[in-house]
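Heads up: the structure comes next, in structure tokens.
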Amino acid sequence: MKKTLTPILIFLLVLTYGCVNDSKEDDIANRMDWWREARFGMFIHWGLYAIPAGEWEGTTNHAEWIRTTAQIPLETYDELLDQFNPVEFNADQWVKMAKDAGMKYIVITSKHHDGFCLFDSEYTDFDVMSTPFKRDILKELSDACAGQDIVMCWYHSIMDWHHPDYLPRRNWETDRPTEGADMDRYIEEYLKNQLAELTGNYGKIGVLWFDGEWEETWTHERGVDLYNYVRELQEDIIINNRVDKGRQGMQGMTKEGEFKGDFGTPEQEIPDTGLPGIDWETCMTMNNHWGYNKYDDNWKSSEDLIQKLVDIASKGGNFLLNVGPKADGTFPEESIERLKAIGDWMAIYGESIYGTSASPFSSLEWGRCTKKQEGKNTRLYLHVFDWPGDNNITLPAFDNKIIDAFIMDGMIKTGVERKDGQIIINLPAEAPDEYSSVIILDVKGSL
Ligand code: FHN
């Protein structure tokens with residue numbers, strides 16, 4: 001006799017599925033809360049590559065990829081271990097510079113593609129304890145972050161140009177044997193064990209920021225397994241989409257399908273528009289290199305970086321801004337100057353970035369808009385990049401009742417009116433800020 005599911009059973013199944021799905025959504029929402037509030041973090045690319053500082057045998061456009069871009073044999077690169085001694089390194093100073101810049105989390109390279117580990121690992125000697133410095137840099141940084149209320153996060157490369165089991169070799173490494181190399185052993189006995197160290201020895205970790213997932217030996221199956229493995233190590237940890245194979249190149253969003261990763265990772269670019277309901281973070285250098293290159297003087301201005309932060313937040317994203325420290329353990333002066341300028345701006349306008357969501361307007365010719373739900377009302381932060389000569393800015397009309405408008409710096413009330421299907425806000429003759437002045441507009445209801 002054909003058995004049919006009784007209606008009550010169908011109802012119970014649908015109810016269960018719905019509850020499971022909701023709890024999964026709740027799970028992600030809870031984990032992502034601090035990250036969505038933070039909006040702004042510091043990326044740090046640091047390692048042996050800071051020693052050559054971009055130069056090798058007369059060529060000067062290298063950085064963290066130098067072992068490959070300069071085709072340095074493993075034995076030669078290993079000699080850098082004896083030169084790594086960043087005597088000026090001060091974790092508290094680094095963390096304070098991030099905090100003072102208005103950043104809420106730090107993502108540092110625990111291990112980049114070259115395989116060098118900035119932490120004391122029992123699974124390799126290719127780590128900081130084999131250098132004259134002999135201090136666990138990640139331990140000092142995680143302690144400093146805990147002491148300054150900054151979230152500690154790790155960048156960890158899946159690709160490893162040093163470990164004998166990682167495949168493929170670099171195509172120019174023709175003299176480096178592959179016999180006996182075992183990718184499964186690399187994953188199960190090295191990659192996973194180091195991730196256990198990184199999530200077990202340094203307190204609560206906010207994000208595992210994977211990278212180097214693009215080679216053919218890294219598969220979707222391995223990505224799903226690694227995502228699930230890391231979630232077991234620290235249940236609230238956030239994992240980017242480079243753990244799996246779903247990232248769509250440098251634009252960084254995850255393609256359709258069951259690919260793992262809690263947020264998208266556009267690199268050196270900002271999406272054209274907001275992506276409703278999608279968590280994403282643009283990572284970007286201050287000049288042209290992630291790792292320190294002493295010849296790279298193509299620094300983005302403080303104005304450009306502040307307006308990029310605003311642009312990203314106005315589209316609902318996070319900004320992960322990179323610093324490439326020098327071999328002595330100091331930040332480049334140009335980075336310090338920009339962090340200071342950003343911090344001065346954030347000290348006044350940080351509220352217009354932290355915990356905001358994407359603009360309700362598709363585009364504004366004078367700047368950007370971020371917004372926050374404030375109880376039953378909405379607070380719009382209007383970021384004016386180009387101060388108007390007629391001392392007015394306009395918004396496309398909306399029906400919500402207007403409550404008030406203020407010049408944010410000093411909360412000075414200003415005039416606002418509806419006219420010819422637009423909303424016009426009166427501004428003072430002088431822009432309050434040279435980079436991005438902010439006007440607050442409070443409206444009834446949600447927008
Ligand atoms: O190859 C890396 C590169 O060195 C750097 O770490 C960036 C930062 O996200 N990620 C890869 C390039 O996409």
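Both counts, for ligands and for their atoms, begin at 1 and track the order of listing.
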- Mind checking what makes side chain to side chain contact (heavy atoms under 4.5 Å, CB included) contact with A347, not counting sequence neighbours? none

- Message: With nothing but distance in play, are any N or O atoms of W65 less than 3.5 Å from an N or O of ligand 1?
- Response: yes

- Message: Suppose I only count heavy atoms of Y155 and a 4.0 Å limit; which atoms of ligand 1 are within that range?
- Response: 6 (O)

- Please could you name the atoms of ligand 1 that C283 approaches to less than 4.0 Å, counting only its heavy atoms? 9 (O)

- Enumerated ligand 1 atoms positioned under 4.0 Å from heavy atoms of E64: 3 (C), 4 (O)

- What part of W214, side chain, backbone, both or neither, has a heavy atom within less than 4.0 angstrom of ligand 1? side chain

- Task: May I ask you to list the atoms of ligand 1 that are less than 4.0 angstrom from any heavy atom of R242?
- Result: 9 (O), 10 (N), 13 (O)

- Task: May I ask you to decide if the ring planes of Y202 and F119 are parallel, tilted or perpendicular, using 30° and 60° as cut-offs?
- Result: perpendicular

- Query: Would K111 and T109 satisfy side-chain contact (heavy atoms from CB on, under 4.5 Å), going step by step from the backbone distance to the final call?
  - Reply: CA-CA 5 Å; K111 181 195 79 166; T109 50; over 6 Å; no

- Sub-4.0 Å atoms of ligand 1 with respect to non-hydrogen atoms of W209: 9 (O)

- Distance to 0.1 Å, residue and atom name: give those for the protein heavy atom nearest to atom 11 (C) of ligand 1. D211 OD2, 3.0 Å

- Message: Going by the closest heavy atom to atom 13 (O) of ligand 1, which one wins out of E213, E267, H289?
- Response: E267

- Task: If the plane angle is over 60° it's perpendicular, under 30° parallel, otherwise tilted; pick one for Y186 and Y166.
- Result: perpendicular

- Check the angle between the aromatic planes of F43 and W209 and answer parallel, tilted or perpendicular using the 30° and 60° thresholds. tilted

- Numbering the atoms of ligand 1 from 1, which are under 4.0 Å from a heavy atom of H112? 3 (C), 4 (O), 5 (C), 6 (O)

Side-chain donor/acceptor pairs under 3.5 Å, residues 83-94, sequence neighbours excluded:
| from | atom 1 | to | atom 2 | distance (Å) |
| --- | --- | --- | --- | --- |
| N90 | OD1 | D92 | N | 3.0 |
| N90 | OD1 | Q93 | N | 2.9 |
| W94 | NE1 | G329 | O | 2.9 |

- Message: Checking a contact table here: which protein heavy atom is nearest atom 5 (C) of ligand 1, and how many Å away?
- Response: H45 NE2, 3.5 Å

- Task: Could you tell me how the ring of Y155 sits relative to the ring of H112: parallel (under 30°), tilted (30 to 60°) or perpendicular (over 60°)?
- Result: parallel

- Message: Which label fits H383 and Y381: parallel for a plane angle under 30°, tilted from 30 to 60°, or perpendicular past 60°?
- Response: tilted

